[in-house]
There are 2 protein chains.
Amino acid sequence: MKSRITLKELARLLNVSVSTVSKALNDSPEISPKTIERVKELAALHNYRPNPTAVNLKSSKSGTIGVLIPNIANSFFAKVLSGMEERAQREGLQLMTYISNESYDREKQIAELLTSGYVDGVLIAIAEETQRKKEFEHIKNVLQYDIPVVLYDRIGFDMAVDKVGIDDHKVFYDATKELQEKGINRIGIATSIHHMGVGKARIDGYREALRENDTFYVANSAKMESLKEKILKMLLEDKVEAVLGSDFDSTMMAYRLAYENGIRIPEDLKIVGFIRGGLAKYLTPSVSYFDQFPDKLGEKAMEVLINRINKKNTGPVQKYIIDTKVVHLESTEFKK
Amino acid sequence: MKSRITLKELARLLNVSVSTVSKALNDSPEISPKTIERVKELAALHNYRPNPTAVNLKSSKSGTIGVLIPNIANSFFAKVLSGMEERAQREGLQLMTYISNESYDREKQIAELLTSGYVDGVLIAIAEETQRKKEFEHIKNVLQYDIPVVLYDRIGFDMAVDKVGIDDHKVFYDATKELQEKGINRIGIATSIHHMGVGKARIDGYREALRENDTFYVANSAKMESLKEKILKMLLEDKVEAVLGSDFDSTMMAYRLAYENGIRIPEDLKIVGFIRGGLAKYLTPSVSYFDQFPDKLGEKAMEVLINRINKKNTGPVQKYIIDTKVVHLESTEFKK
DNA sequence: CTGAAAGCGCTTACAG
DNA sequence: CTGAAAGCGCTTACAG
């Protein structure tokens, strides 16, 4: 049972003062090369590591970034976190993870913790319930404490902070246009996140892409039972020829309901959705998807935050858009 | 731009000493009720929060748990993390997240960080590469520093620590037996994790369940191309009637290859695998799966760790097994 | 009941 | 070039 050696102990062993040891370890020009060598040698021998808590107390920095995640079971966020972690690691920063589970109350508690001095900066994706309530005071409060904040993924909010996300409007706009160009007319959307910023932006993009005479087909519900009914109606009554899925559940539900009702993909129905590539390729048929490059998104968000913390970036807040890509698999094949 | 008020400042405003303020806020019996009230009132007014770094330095505790995750993109680990976070939250503990990406070198670095005083205890799932190398010194080193460690999920290692996981041997043993009882004889395994502890245990369970005359069919490779070939051979040449999938990729690959080769599920081939229920139900046909209750596993691991940290548990190290359940969906249906 | 002092493990301006 | 002192924001044994 070892315990970490301290500066004091090192000083005692070397018969010098604590200050000398500290300076030597930090390569201070005040200290003679010989002393520096002696000190470093012993420190290495004892595997000395400065106590981070003490260093933090002195510097009023924690070397830690807080990440607020709405739902880690969503593989998108898991990958975003992975990208953040990688970037943080290169910078020698630690990650403190907080999961709101899409709850407003929990998010409020977390926001309180975030201002308590645990972290030097914060990456936030705002919870669903918070978006419903339109209550953002607790988030803005974090800013009051001069703690740098970057919003990631869920960025459609009126707040004076840096934002890193994708252009949800454009993704659905482009996808709709592309289907139309290939001769598909009856295009529908399935979504369980229509009440959230990103969900709304996607619907808007779709609507804008439709032409004068086109009808909107939007199957939207956060309740799975009701979503199912609406998608069924869209498939069986409205007989849409393509479905854009705005999230995992709605995409997979459309896919599954087509199967249950003998609707052939891609012959009778094309599908593109927000699911991850690692899954999409295994589906039968494989399903075309929007690649959001979540790891890049996470990395970028972390980078923007770091530049704020370091004051490398002191300009006005900015919005950064990560490019998205449609990956076409079997579910959007056009057979000749 | 606010900044947190300190004890000192509070003391100045109240015209009392810092010690008095500190004691009052901690409800010390040394302090008069009247003073306590005055102090708390002002503290509330200024939304005082003790600086956690200072408290940590005094107490040599950090109120933080380190979680070492091999791969967060694996939804199993994402859910485990979610369970841990929930339990930690109830205890007022924070989570420091480290992702090894299955790399030995990165894990070693993290292990070093874990002994630097950032965390009061550690939850570890050992990286794949580490298991291959059979190099566990860096993990054991954490123990040397008297930091409580709990191994979760990947627990088949000879180390004197608490362990929380599932009984991988039994899961595949039972599943094999169950298929046999229903009259299935040619049962195969698909696995990309055969070189890891959990993967080995599953294979062993399967082997033990087979009878005298049964043949083993094991399609194993960590390389996707080679795994594909082996599964194909198992399906087409060995003509197995059932496949147990040991992980996401191997399960989905068997499922997909059956589709590509006109092998009907469940008529010609039954499938059960380690995939998550949220996905399994949407597949076409839906795929039977092993529910590992990852959130419970995470919760339990955190609980065991907390009890060690609090010294509520000072007994010998133990192994805790979380029950698993087979959820039967269409891929194992027996039509009459 | 209140306060001065010491100390947690560091860093750094200042003195020698 | 080295060291004593002050201080980061707390807690707590001790004195009064």
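Residue numbers start from 1 in every chain, and the chains themselves are labelled A, B, ... in the order their sequence lines are given, proteins ahead of strands. Everything numeric here is computed off the predicted structure, so don't read it as measured data.
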Once rounded to the nearest 0.5 Å, what's the spacing between atom CG of A/L13 and atom NE2 of A/H46? 5.5 Å

Out of D/dT2, D/dT12, D/dC10, whichever nucleotide has its closest atom nearest the side chain of B/Y48: D/dC10

For B/E112, I'd like to know if atom CD has over 12 heavy atoms of other residues, nucleotides or ligands within 6.0 Å. yes

Just the rounded figure in Å: distance from P of D/dA13 to CD of B/E30. 9 Å

For B/S19, report the nucleic acid contact type (base, sugar-phosphate, nothing); a contact means any heavy atom under 4.0 Å. base

At 4.0 Å (heavy atoms only), tell me whether B/V18 reaches a base, stays on the sugar-phosphate, or touches nothing. base

Given D/dC10, C/dT2, D/dA4, which nucleotide is nearest the side-chain atoms of B/T6? D/dC10

First encountered from the 5' end of DNA chain C, between A/P50 and B/I31: B/I31

With the side chain of A/L57 defined as its heavy atoms from C-beta on, choose the nearest nucleotide among D/dT2, D/dC8, C/dG3. D/dC8

Closest to side chain of A/S32, choosing from C/dC10, D/dC10, D/dC1: D/dC1

Could you check which of D/dG3, C/dT11, C/dC8 has an atom nearest any side-chain atom of A/N26? C/dT11

Could you check how far CG of B/D27 sits from P of D/dT12, rounded to whole Å? 13 Å

Spatial distance of atom OG (A/S62) from atom CG (A/L57) [nearest 0.5 Å]: 12.0 Å

Can any side-chain N or O of B/N313 pair as donor or acceptor with the backbone N or O of B/R308 at less than 3.5 Å? no

For a quick test of reading the model, state the closest non-hydrogen atom pair linking A/I166 to A/I155 and the distance between them. O-CD1, 4.4 Å

At less than 3.5 Å, do the side-chain atoms of B/S17 and the base atoms of C/dA4 form a donor-acceptor pair? no

How close or far is atom P of C/dT11 from atom CG of A/L10, stated in whole angstroms? 12 Å

Rounded to the Å, how far apart are B/L7 CG and D/dC8 P? 12 Å

In terms of the nearest nucleotide of DNA chain D, which residue is placed more toward the 5' end: A/I36 or B/A54? A/I36

Atom NZ of B/K8 and atom C1' of D/dC10: how far apart are they, to the nearest Å? 12 Å

Hey, does B/P33 reach any base, or is it just sugar-phosphate, or nothing, if we go heavy atoms under 4.0 Å? sugar-phosphate

Rounded to whole Å, the CD-P distance (A/E9 to C/dG7) equals 16 Å

With DNA chain C as reference, determine whether B/S59 or B/N15 sits nearer its 5' end, using the nearest nucleotide of each. B/N15

For a quick check under 3.5 Å, do A/Q94 and B/Y98 share a side-chain donor-acceptor pair by atom type? yes

Atom OH of A/Y118 and atom P of D/dC10 are separated, to the nearest Å, by 12 Å

Heavy atoms from C-beta onward define the side chain here; which of C/dG3, D/dT12, D/dC1 lies closest to that of B/S22? D/dT12

Under 3.5 Å, is there any donor-acceptor pair linking the side chain of A/K58 to the base of D/dG7? yes

Residue B/T35, side-chain atoms from C-beta onward, closest of C/dG3, C/dT2, C/dC10: C/dT2

